[in-house]
Amino acid sequence: MRGPQTSGPGGAAGDPPGSGHPPRGRVTLVGGGPGAVDLLTLRAWRALQNADVVVADRLGAVGVLDDLPATTDVVHVGKAPGHHPVPQDEINRIVVARALAGAHVVRLKGGDPFLFGRGGEEMLACREAGIEVEVVPGVTSAVSVPGLAGIPVTHRGTAHGVHIASGHGGLDAAAIAVARENTATLVVLMGVSSLSTIVQQALRAGTDPATPVAIVENGSTPAQRVTRTRLDEAADVATRAGVAAPAVIVIGGVAADGLLGGARDGRLAGAGV
């Protein structure tokens with residue numbers, strides 16, 4: 001069964017048919033990386049090939065789904081910004097129900113399961129149901145996407161550390177402090193819709209308006225695009241360029257054009273703006 005599910009023979013999405021009580025299955029939380037299938041780890045690939053059921057997100061290495069055995073049941077639960085057709089509680093229920101029915105369930109998530117991926121919530125739901133859970137780490141977009149665009153999140157003499165923040169609704173106090181001090185790189189995930197707020201927060205806190213900003217859209221895919229600007233112009237530049245999610249926002253000296261030599265580092269992979 002490959003495609004979005006809302007109901008089935010056993011009830012809501014993901015319920016197994018029948019009323020038997022097969023041996024309890026197991027769950028593998030797999031990080032699918034930023035999008036390119038060849039950035040999946042070998043362990044992730046093996047788990048997917050041995051899965052009975054794959055519960056898949058919208059982002060990450062979803063292209064791998066086309067290479068699964070024909071017998072694999074794929075359940076799509078992907079979320080888009082502002083549109084969550086399958087809420088998290090229901091995703092947890094699907095994963096648990098299929099495992100309790102005896103299946104090896106792979107929960108395929110974009111990036112890494114434990115970096116803003118709600119993998120912890122899914123692990124807790126499984127453990128509360130007495131289900132064995134394995135975690136397969138994924139290549140996180142917070143580091144890999146800037147790297148693919150020629151942006152090192154740390155660089156000697158420029159940034160001695162990196163702070164990864166969620167951009168939902170703007171920045172918290174810790175992220176704002178990192179932007180203001182400008183000794184570490186601030187990487188913001190899921191922040192495109194809040195970019196104007198993020199800029200205003202950072203500027204009000206005293207961040208240098210000329211702080212370099214790079215926005216990398218669709219990292220690791222053929223549609224990758226890099227938009228470079230300065231902090232005080234970032235929201236306007238992004239709007240004019242039509243920047244859209246998924247994108248990783250990098251704030252700090254490492255986002256400066258030409259840091260690693262050459263005219264546009266972003267053109268190492270994908271187009272530059």
Side-chain angles (χ1 to χ4, degrees), residues 1-5 12-16 22-69 71-80 84-145 164 166 168 187 189-190 219-220 246 248:
M1 189 183 309
R2 293 172 181 266
Q5 289 181 273
D15 275 338
R24 184 165 298 180
R26 59 193 175 95
V27 171
T28 306
L29 300 179
V30 170
V37 172
D38 57 0
L39 288 177
L40 277 168
T41 65
L42 181 58
R43 186 176 296 184
W45 173 259
R46 287 172 174 164
L48 286 160
Q49 291 299 309
N50 290 308
D52 300 308
V53 180
V54 175
V55 180
D57 275 349
R58 180 180 67 92
L59 300 177
V62 293
V64 75
L65 300 177
D66 295 332
D67 297 324
L68 296 180
T71 55
T72 307
D73 187 1
V74 179
V75 181
H76 292 276
V77 294
K79 302 175 183 179
H84 299 169
V86 185
Q88 187 62 48
D89 286 347
E90 178 65 6
I91 294 173
N92 296 350
R93 195 202 65 77
I94 291 169
V95 171
V96 168
R98 300 305 291 262
L100 288 176
H104 173 206
V105 181
V106 166
R107 175 69 174 103
L108 179 61
K109 309 175 73 65
D112 181 89
F114 287 168
L115 184 62
F116 302 135
R118 292 194 164 184
E121 296 174 39
E122 292 169 4
M123 175 173 273
L124 284 171
C126 291
R127 285 184 167 171
E128 288 171 0
I131 297 167
E132 175 188 349
V133 185
E134 178 187 3
V135 178
V136 178
V139 176
T140 174
S141 61
V143 175
S144 63
V145 167
I164 303 169
S166 167
H168 279 314
V187 175
L189 305 182
M190 303 170 291
S220 84
V248 175

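Residue V53 comes nearest to A103 through the heavy atom pair CG2-CB, 3.9 Å, listed as atom of the first residue, atom of the second, then distance. Across every non-hydrogen atom of L39 and V139, the tightest pair is O-CG2, 3.5 Å. Considering every non-hydrogen atom in both V86 and H76, the closest pair reads CG2-O, 4.3 Å. The two atoms that bring A142 and L115 nearest to each other are CB-CD2, 4.0 Å, heavy atoms only. The two residues V95 and V105 have their closest heavy-atom pair at O-CG2, 4.0 Å. The two atoms that bring A36 and A61 nearest to each other are O-CB, 4.1 Å, heavy atoms only.
The side chain to side chain contact (heavy atoms under 4.5 Å, CB included) test with V136 singles out one residue from V30, L29, L40, and that residue is V30.
Here L65 contributes atom CG and L48 contributes atom CG; the two are 7.5 Å apart, rounded to the nearest 0.5 Å. In this structure, D52 CG and D73 CG are separated by 9.0 Å, a value rounded to the nearest 0.5 Å. Here the straight-line distance linking atom CZ of R98 with atom CZ of R26 works out to 15.5 Å at 0.5 Å rounding. Distance check, rounded to the nearest 0.5 Å: CG of D89 to CD1 of I94 gives 11.0 Å. Note that CH2 of W45 and CG of N50 are 11.0 Å apart. Values are rounded to the nearest 0.5 Å. Expressed to the nearest 0.5 Å, how far CD1 of I131 lies from CE of M123 amounts to 12.0 Å.
Legend: side-chain hydrogen bond (donor to acceptor under 3.5 Å, both in side chains) pairs involving residues 28-42, not counting sequence neighbours, sorted by first then second residue: T28-H104. Legend: side-chain hydrogen bond (donor to acceptor under 3.5 Å, both in side chains) pairs involving residues 122-145, not counting sequence neighbours, sorted by first then second residue: Q88-E122, R107-E122, K109-E122.
R24 contributes a side-chain N or O that, together with a main-chain N or O of G130, makes up a donor-acceptor pair within less than 3.5 Å.
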Steps toward side-chain contact (heavy atoms from CB on, under 4.5 Å) verdict (D57, V77): CA-CA 6 Å; D57 275 349; V77 294; 4.2 Å; yes

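The side-chain heavy atoms of V106 and V55, taken from C-beta on, include no pair separated by under 4.5 Å.
In terms of the salt bridge (charged side-chain N to carboxylate O under 4.0 Å, His left out) criterion, residue partners of E121 (sequence neighbours excluded) are, by chain and number, R118.
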